[in-house]
Asker: 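Sending over a structure as structure tokens; questions will come in a sec.
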Amino acid sequence: MTRSIALLGSTGSIGCQTLEVVRELGLNVAALTANASVDLIEQQAREFSPRLAVLYDEAAAAELRERLRDTKTRVLSGMEGLLAAATAEDADTVVTAVVGMIGLKPTLAAIERGKRIALANKETLVCAGTLVMDAAEKYGAEIVPVDSEHSAIFQCVQGCRDRGEIKRLILTCSGGPFYGLSHEQLAGKTRADALKHPNWTMGAKITVDSATLMNKGLEIIEAMRLYRLPLRQVDAIIHRQSIVHSLVEYRDGAMLAQLGTPDMKLPIRYAMTYPCRAETPDRTLDLLSCPPLTFAAPDEDTFRCLKLARQCAAVGGTACAVLNGANEVAVGAFLRDAVGFNDIPALVEAALGTVEQVSAPTLEEILAADCAARAAVRAHIQ
Ligand code: MG
């Protein structure tokens, strides 16, 4: 069980909810990091008194240093700061809640120190899953997923002694705000439409990924890496109610599922308390008043991001890093109203066609593929 955490990405949605759980469980906070949100991280630093606070942005860090002068919190910036936070001596668990590829190096650094990783940064496993899982094995670092689907699976495989008994992982998918729409109907969808997620409250990037179903595609890759299973053993199924958080089918036909209200604090809390469970102060699922649970197949022809992700998952190598990097830039452009909703899969597909791919890549080759994918999408947009 966790006693002290380093929280990477403390001002985002997962970061703030993690601090709620920290407050609830009375954990120590050794380090906090964020990109540039001076006001919020200052407030958090005053409440949790970490030894270290990091803002990636240099100027914002200087401002924070000035503001925290009267405290014992040291302020750092840049990748150097993130690495210091990830390897903080007094943290036994590192929560990786930063968005994007920026989380990769700090996660690897924390793994090398043998820390428990409460993993909320998908990109780490999507782009460099093999490297990350090999390192975790080598250094004896536990990886406990925070993503709700992967936490559900993690909970359903507790007690499974032989991974060969797993027939299939089934990730559930809400379908997002545009479920059931046609390709033509999707064309006119705007940033505001995409940000209306039916069940979950999340950051902007992941909410758009939920609307395109890229999020589920990335999660399929994440699950393949976490459990070292081939694509044919990882499925996604539409479940509009977001109550069944995912399932594991075993070879004897048994299916285990984890159910609960759509609240990220449950997987966050479990990542902190694993292998134990703590009392929740929140409202829990009431089976008698919850809506009927329904399941359907996803429409990969309309939501092409899911199909592209599956194709990359099958290819492996740097394909997933290209997929992810291209998607981050395309979604960023969509959030600035610079491209349309259907341009997101088109831009990702174009990047996959132009960036040269490498099998069994090194970390440097993965980072290079990510950069090339981003550059390809920027060039296409211009
Ligand atoms: Mg998820």
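Counting convention: from 1, in listed order, for ligands and their atoms alike.
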Asker: Among all residues two or more places apart in sequence or in another chain, which pass the side-chain hydrogen bond (donor to acceptor under 3.5 Å, both in side chains) test with Q311?
Answerer: none
Asker: Looking at E20 and R269, does any basic side-chain N land under 4.0 Å from a carboxylate oxygen?
Answerer: no
Asker: Under 4.0 Å between a side-chain nitrogen and a carboxylate oxygen: does that hold for D282 and K265?
Answerer: yes
Asker: What are the protein N/O/S atoms, named by residue and atom, that sit under 2.8 Å from the Mg ion (ligand 1)?
Answerer: D147 OD1, E149 OE1, E219 OE2
Asker: If the condition is ring-ring contact (aromatic ring centres under 6.0 Å, His included), which residues does H245 pass it with, not counting sequence neighbours?
Answerer: W200
Asker: Taking the ring centre of each residue, are F178 and F303 less than 6.0 Å apart?
Answerer: no
Asker: So, using side-chain contact (heavy atoms from CB on, under 4.5 Å) as the criterion, who are the partners of S49 when residues are at least two apart?
Answerer: none
